Structure formats: C-alpha cells, structure tokens
Amino acid sequence: MANEARPSSGEQAKQHALARLRQAILRGEMSPAQRLVENELAEQFGVTRASVRAALIDLAAEGLVERIPNRGSRVRLVTVEEAVAITECRMVLEGLCAAKAAVEATDDQLTELADLGTAMSKAVADGEPMTYSGLNQELHAKIRQFSGQQVAGELLDRLNAQLVRHRFQLALRPGRPQQSVNEHLAMIEAIRSRDPQAADAAARAHLASVIDALREGD
C-alpha cells in the first residue's frame with residue numbers, strides 16, 4: 001500500500017506533498033487562483049493536514065501559492081505586470097549566465113547548444129509549438145548549467161516557476177515561436193563564438209522581446 005510505504009506525517013510527508021503540489025502547479029493541473037483545501041489535499045496525498053500546511057508555506061515562499069488570512073491558500077495568480085517585473089530580473093540573470101557560458105562551456109557543450117538550436121528550428125518549421133517550448137526551456141537550462149553560475153541558476157529556477165502560465169500562453173501565440181527562435185539562435189551563436197559581451201546582449205535582447213510579447217497580450 002502506498003500510504004504504508006510512505007510516512008503520513010513528518011518531514012518526508014511534507015516533502016512528498018510539496019513535490020506533488022509543485023508539480024501540479026507547474027504543469028498547469030491547478031489553475032491560477034484555485035483554492036487549495038488542506039483536508040482534500042491531505043487525503044489525496046495520504047499525508048496529514050499539518051504536512052500539507054507546511055508544504056503550502058514553502059510554496060508561498062517560492063511565489064507559487066498565496067496564503068490569505070482566515071481564508072486558506074490558493075494558487076497565486078501572476079499578473080502581466082508582475083510577469084514583466086520578473087522577466088526584467090530574468091534579463092539580468094540570463095545575460096550573466098550566457099556570458100559565463102561563453103567562457104566556461106566545453107567544446108562538447110557548445111555542440112550540445114548547436115544541436116538544440118537545430119532541433120528548435122525544426123520544431124518551428126514543423127509547426128510544433130509545444131515541442132519548441134520544451135526545447136526552449138531545455139536550452140535555457142543548459143546555458144545556466146554550462147555557465148557554472150549556481151546562484152544565478154537557483155534564482156532563475158524560482159523566477160521561472162512563477163511564469164509557467166505566461167510562458168505556456170506565449171508558446172501558443174501565432175508567430176511567436178518564429179520570432180523567438182531567431183533570438184535563441186543569436187544567443188547560441190554568441191556563446192559558441194566565446195564572446196561574453198555578445199552573449200549577454202543576445203540574452204537581454206531575447207528577454208526584452210519576451211517583455212514586449214507579454215505586454216502585447218495584456
């Protein structure tokens with residue numbers, strides 16, 4: 001039995017609830033502003049209500065959940081203006097990671113980035129926006145990894161988690177992948193040229209374009 005194999009209370013139970021809730025929010029299985037009822041979630045995950053409450057407190061600190069006094073918790077709704085502000089912060093951090101990757105990445109890692117660029121171009125040509133969106137996220141994750149800038153990477157993980165709904169909507173907007181792919185190819189080319197200033201500028205230009213797209217959809 002699943003509940004017998006896993007503690008229903010304590011730190012392990014909290015971590016189980018935390019992982020399940022975070023995954024559901026990031027996958028869009030829970031809608032923005034959806035109420036999160038502790039008793040229902042405790043039963044669903046096979047843990048105590050206290051474990052769920054502790055998990056919700058952690059998710060509130062991550063910006064994924066909003067806790068309302070005397071009313072419980074709900075999935076946090078990130079407005080367009082908040083999404084723009086978050087993306088402005090991403091611009092600085094993504095630029096830093098791209099610049100560092102241009103210096104630190106190995107030749108094999110640069111080849112990985114080139115291969116991702118080719119796959120992204122194919123996804124756009126084939127009219128597969130969700131495939132492209134997944135490759136887009138993979139590219140940014142690889143650049144963060146290859147940069148060796150762990151602090152920036154952790155900050156970006158937290159910022160990106162709050163943008164999941166907006167990123168999904170942008171991926172499906174007609175014409176957006178065609179514009180975005182060229183911005184990503186410019187980032188890859190600058191990193192492969194081992195030009196940190198050009199890599200920083202390309203990453204910032206891409207995020208500035210994302211901000212414009214967010215505002216256009218408002």
Side-chain angles (χ1 to χ4, degrees), residues 1-90 92-94 96-97 100-101 104 109 112 130 133-171:
M1 297 285 287
N3 287 354
E4 291 175 353
R6 182 180 63 245
S8 63
S9 61
E11 181 64 20
Q12 279 185 278
K14 186 199 87 166
Q15 291 299 329
H16 172 71
L18 181 62
R20 290 281 300 276
L21 279 165
R22 186 189 291 117
Q23 185 180 65
I25 293 170
L26 294 181
R27 288 183 175 177
E29 296 166 7
M30 292 180 170
S31 306
Q34 178 177 329
R35 286 193 64 221
L36 300 169
V37 182
E38 291 176 3
N39 284 338
E40 293 177 3
L41 294 170
E43 184 174 348
Q44 180 180 343
F45 300 149
V47 299
T48 64
R49 183 176 174 180
S51 297
V52 168
R53 186 179 303 116
L56 290 171
I57 290 170
D58 281 9
L59 289 172
E62 293 179 20
L64 295 180
V65 165
E66 182 179 16
R67 290 180 63 76
I68 304 169
N70 303 318
R71 295 185 61 187
S73 302
R74 67 183 182 186
V75 178
R76 191 162 86 84
L77 174 63
V78 177
T79 67
V80 169
E81 279 311 306
E82 284 180 293
V84 166
I86 291 167
T87 305
E88 287 174 341
C89 295
R90 280 186 64 205
V92 177
L93 294 167
E94 296 273 13
L96 169 64
C97 287
K100 295 279 285 185
E104 301 293 340
Q109 289 172 336
E112 281 189 59
M130 296 316 298
S133 180
L135 291 167
N136 177 355
Q137 293 181 47
E138 184 179 351
L139 174 66
H140 283 278
K142 289 286 188 186
I143 292 172
R144 294 199 298 273
Q145 176 189 340
F146 298 163
S147 75
Q149 233 298 353
Q150 187 174 352
V151 173
E154 290 171 355
L155 290 169
L156 281 165
D157 284 342
R158 293 184 65 166
L159 292 173
N160 287 329
Q162 298 177 56
L163 294 174
V164 61
R165 180 174 64 94
H166 292 284
R167 293 174 77 174
F168 179 75
Q169 290 173 343
L170 283 183

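No hydrogens, no waters, no symmetry mates; every other heavy atom, side chains included, goes into these values. A quick note: this is a predicted structure, and the numbers were derived from the prediction, not measured.
Between L56 and S73 the shortest heavy-atom distance is CD1-OG, 3.8 Å. Contact between A101 and I143 at its shortest, heavy atoms only, is CB-O, 3.9 Å.
Without hydrogens or angle criteria, S147 side chain to R144 main chain gives a donor-acceptor distance under 3.5 Å. When atom types are taken as modelled, the side chain of S51 and the backbone of V47 share no donor-acceptor pair closer than 3.5 angstrom. A side-chain donor-acceptor contact under 3.5 Å links E82 to the backbone of T79.
Within 6.0 Å of atom CD in Q150, 12 or fewer heavy atoms from other residues, nucleotides or ligands are found, so the atom counts as exposed in its surroundings.
When only modelled atom types and interatomic distance are considered, Q15 and E11 share a side-chain donor-acceptor pair under 3.5 Å. Side chains of R76 and Q162: a donor on one and an acceptor on the other come within 3.5 Å.
Electrostatic pairing of R158 and E62 does not count as a salt bridge here, judged by no charged N lying under 4.0 Å from a carboxylate O. Remark: D58 engages K14 in a salt bridge, criterion side-chain N to carboxylate O under 4.0 Å.
Across L64, V75, V65, L41, a single residue satisfies side-chain contact (heavy atoms from CB on, under 4.5 Å) together with L21, and that is L41.
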Going through the distances and angles, do E38 and E43 end up as a side chain to side chain contact (heavy atoms under 4.5 Å, CB included)? CA-CA 9 Å; E38 291 176 3; E43 184 174 348; over 6 Å; no
Run the side chain to side chain contact (heavy atoms under 4.5 Å, CB included) check on E88 and V84 step by step: do they pass? CA-CA 6 Å; E88 287 174 341; V84 166; 4.0 Å; yes
CA sep, side-chain torsions, deciding dist, call: Q44, E40, side chain to side chain contact (heavy atoms under 4.5 Å, CB included): CA-CA 6 Å; Q44 180 180 343; E40 293 177 3; 5.9 Å; no
Audit row: Q34, R74, side chain to side chain contact (heavy atoms under 4.5 Å, CB included) steps and yes/no: CA-CA 5 Å; Q34 178 177 329; R74 67 183 182 186; over 6 Å; no
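For E138, there are no salt bridge (Lys or Arg N to Asp or Glu O under 4.0 Å) partners, not counting sequence neighbours. The salt bridge (Lys or Arg N to Asp or Glu O under 4.0 Å) search around K142 returns E112, not counting sequence neighbours.
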